[in-house]
**Student:** 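Can you keep this structure in mind? I'll have questions shortly.
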Amino acid sequence: ITVRHKSGGHKKSFRIIDFKRDKYDIEAVVERIEYDPNRTAFIALIKYSDGVYAYILAPHKLAVGDKILSSRSLVDVKIGNAMPLSVIPIGTIIHNIELKPSCGGAVSRSAGTYAQLVGKDSGYALVKLQSGEIRLFLLDCMATVGSVSNLDNKNISIGKAGRSRWLGIRPTVRGKAMNPNDHPH
């Protein structure tokens with residue numbers, strides 16, 4: 001067994017999400033908001049003005065028809081716009097933050113999560129995460145304004161064992177409850 005308590009589950013088609021948001025200064029329109037079986041948050045299909053389609057993580061309160069932009073310079077600080085931490089005003093709620101410049105968003109991507117930009121100091125941005133941790137990110141790292149969609153995900157009750165199996169989660173048995181030859185205790 002390489003991964004414990006994981007296997008099976010319902011078949012899912014994988015949607016490729018643009019975590020980098022590296023089509024700079026090209027306006028995009030939100031075509032639709034969709035459910036994604038591979039993550040807790042909703043995703044938004046956007047169409048750039050040059051005709052290219054892409055999926056992004058849908059921020060909370062982003063609606064169909066909204067115009068969003070990704071830029072290396074200061075643009076409107078409105079929900080869905082992506083820009084470097086160096087130009088985002090202090091106190092802004094952000095998500096999908098890069099750990100290293102041009103690497104793609106890695107922090108604050110789950111449903112309902114967000115972080116807050118609390119300061120900037122000597123080439124680094126101080127970002128307060130939901131855990132309460134204040135973390136340093138390089139000012140060149142990109143982030144998206146707003147919090148992630150599907151805030152009510154934390155209120156979902158799985159309800160029965162079968163639904164866990166649909167999600168690919170197998171039963172967990174305590175090592176103490178096994179025979180000695182079934183477990184390395």
**Student:** Is any NZ, NE, NH1 or NH2 atom of the basic residue among E98 and K100 found under 4.0 Å from an Asp or Glu carboxylate oxygen of the other?
**Tutor:** no
**Student:** What about I79 and M83, same hydrophobic cluster or not, with Ile/Leu/Val/Met/Phe/Trp/Tyr joined at side-chain heavy-atom distances under 4.5 Å?
**Tutor:** no
**Student:** Please say yes or no: joined through hydrophobic side-chain contacts below 4.5 Å, possibly via intermediate residues, are Y124 and V118 part of one cluster?
**Tutor:** yes
**Student:** After noting the C-alpha distance and the side-chain angles of Y114 and Q130, does the key distance pass the side-chain contact (heavy atoms from CB on, under 4.5 Å) rule?
**Tutor:** CA-CA 7 Å; Y114 60 88; Q130 273 198 312; 3.1 Å; yes
**Student:** Any side-chain heavy atom of M142 sitting closer than 4.5 Å to one from S102?
**Tutor:** no
**Student:** Can you tell if the side chain of V148 reaches within under 4.5 Å of the side chain of R109, non-hydrogen atoms only?
**Tutor:** no
**Student:** For I93, does its backbone N or O pair with a side-chain atom of Q116 as donor and acceptor, under 3.5 Å?
**Tutor:** no
**Student:** Please find the pair of heavy atoms, one from N96 and one from G105, that lie closest to each other, and give the distance.
**Tutor:** OD1-CA, 3.1 Å
**Student:** So E31 and V64, do their side chains get closer than 4.5 Å, heavy atoms only?
**Tutor:** no
**Student:** Closer than 4.0 angstrom, basic N to acidic O: yes or no for K23 and D50?
**Tutor:** yes
**Student:** Do the side chains of V77 and L117 join up, straight or via other hydrophobic residues, at under 4.5 Å, putting them in one cluster?
**Tutor:** yes
**Student:** May I ask whether F19 and I97 are part of the same hydrophobic cluster, defined by side-chain heavy atoms of I, L, V, M, F, W, Y residues being less than 4.5 angstrom apart, directly or through others?
**Tutor:** no
**Student:** How long is the straight-line distance from OG of S110 back to NZ of K154, given to the nearest 0.5 Å?
**Tutor:** 11.5 Å
**Student:** Judged by atom type as modelled, is there a donor-acceptor pair below 3.5 Å linking the side chain of T144 to the main-chain atoms of A82?
**Tutor:** no
**Student:** Which heavy atom of S71 sits nearest a heavy atom of D25, and at what distance?
**Tutor:** OG-OD1, 2.7 Å
**Student:** Is there side-chain contact between Y55 and D18, with at least one heavy-atom pair below 4.5 Å?
**Tutor:** no
**Student:** Test your reading of the model: is there a side-chain donor-acceptor pair from K47 to the backbone of V52, 3.5 Å cut-off?
**Tutor:** no
**Student:** Is there a donor-acceptor pair under 3.5 Å between the side chain of S70 and the backbone N or O of R21?
**Tutor:** yes
**Student:** Working to the nearest 0.5 Å, report the span between OG1 of T40 and CG of N153.
**Tutor:** 5.0 Å
**Student:** Count the heavy atoms belonging to other residues, nucleotides or ligands that lie under 6.0 Å from OH of Y48, then report whether that count exceeds 12.
**Tutor:** yes
**Student:** Does NZ in K120 sit with more than 12 non-hydrogen atoms of other residues, nucleotides or ligands closer than 6.0 Å?
**Tutor:** yes
**Student:** Given 3.5 Å as the limit, does a donor-acceptor pair link the side chain of N81 with the main chain of L69, or not?
**Tutor:** yes
**Student:** Hey, could you give me the CD1/CG distance between I17 and D36, rounded to the nearest 0.5 Å?
**Tutor:** 5.0 Å
**Student:** Is it true that Y24 and L74 fall in one hydrophobic cluster, defined by side-chain heavy atoms closer than 4.5 Å?
**Tutor:** no
**Student:** Atom CD1 of I68 and atom CD1 of I26: how far apart are they, to the nearest 0.5 Å?
**Tutor:** 12.5 Å
**Student:** Just wondering, are more than 12 heavy atoms of other shown residues or ligands nearer than 6.0 Å to NZ in K12?
**Tutor:** yes
**Student:** I want to check something: taking the side chain as every heavy atom from C-beta on, are P84 and R72 in contact at a cut-off of under 4.5 Å?
**Tutor:** yes
**Student:** If you measure from OG on S149 to CD1 on I43, what distance do you get to the nearest 0.5 Å?
**Tutor:** 9.5 Å
**Student:** Locate the shortest heavy-atom distance separating I33 from A58; write the atom from each residue and the value.
**Tutor:** CD1-CB, 4.2 Å
**Student:** Using only atom types and a distance under 3.5 Å, with no angle test, would you say the side chain of R4 pairs donor to acceptor with the backbone of T2?
**Tutor:** no
**Student:** Looking at side-chain heavy atoms only, is the closest gap between W166 and K160 below 4.5 Å?
**Tutor:** yes
**Student:** Can you find a pair of side-chain heavy atoms, one from I46 and one from Y53, that are under 4.5 Å apart?
**Tutor:** no
**Student:** Working to the nearest 0.5 angstrom, can you tell me the gap between L139 CG and S122 OG?
**Tutor:** 8.5 Å
**Student:** Run the side-chain contact (heavy atoms from CB on, under 4.5 Å) test on V127 and I134 for me, step by step, so that the C-alpha distance in whole Å, both residues' side-chain angles and the decisive distance to 0.1 Å come before the verdict.
**Tutor:** CA-CA 5 Å; V127 177; I134 295 179; over 6 Å; no
**Student:** For the residue pair R39 and L57, establish whether any side-chain heavy-atom pair is separated by less than 4.5 Å.
**Tutor:** yes
**Student:** I need the minimum non-hydrogen distance between R163 and S157, along with the two atoms involved.
**Tutor:** NH1-O, 3.1 Å
**Student:** I'd like to know if the side chain of H5 reaches the main chain of R170, judged simply by a donor and an acceptor atom lying under 3.5 Å from each other, with no hydrogens or angles considered.
**Tutor:** no
**Student:** Verify, without hydrogens or angle tests, whether D76 (side chain) and K78 (backbone) share a donor-acceptor contact under 3.5 angstrom.
**Tutor:** no
**Student:** Starting from the C-alpha separation in whole Å, work towards a yes-or-no answer on side-chain contact (heavy atoms from CB on, under 4.5 Å) for F14 and N38.
**Tutor:** CA-CA 7 Å; F14 190 76; N38 302 296; 3.8 Å; yes
**Student:** Looking only at atom types and distance, does a side-chain atom of D66 sit under 3.5 Å from a main-chain N or O of A63, one as donor and one as acceptor?
**Tutor:** yes
**Student:** Minimum heavy-atom separation for Y35 to F42, with atom names?
**Tutor:** CA-CD2, 4.1 Å
**Student:** Could you tell me whether a side-chain N or O of K128 sits under 3.5 Å from a main-chain N or O of R135, the two making a donor and an acceptor?
**Tutor:** no
**Student:** Going through the checks in order, is the side-chain contact (heavy atoms from CB on, under 4.5 Å) test met by L45 and V30?
**Tutor:** CA-CA 6 Å; L45 180 68; V30 178; over 6 Å; no
**Student:** Which atoms form the tightest heavy-atom contact between G80 and P59, and what is the distance?
**Tutor:** CA-CG, 3.8 Å
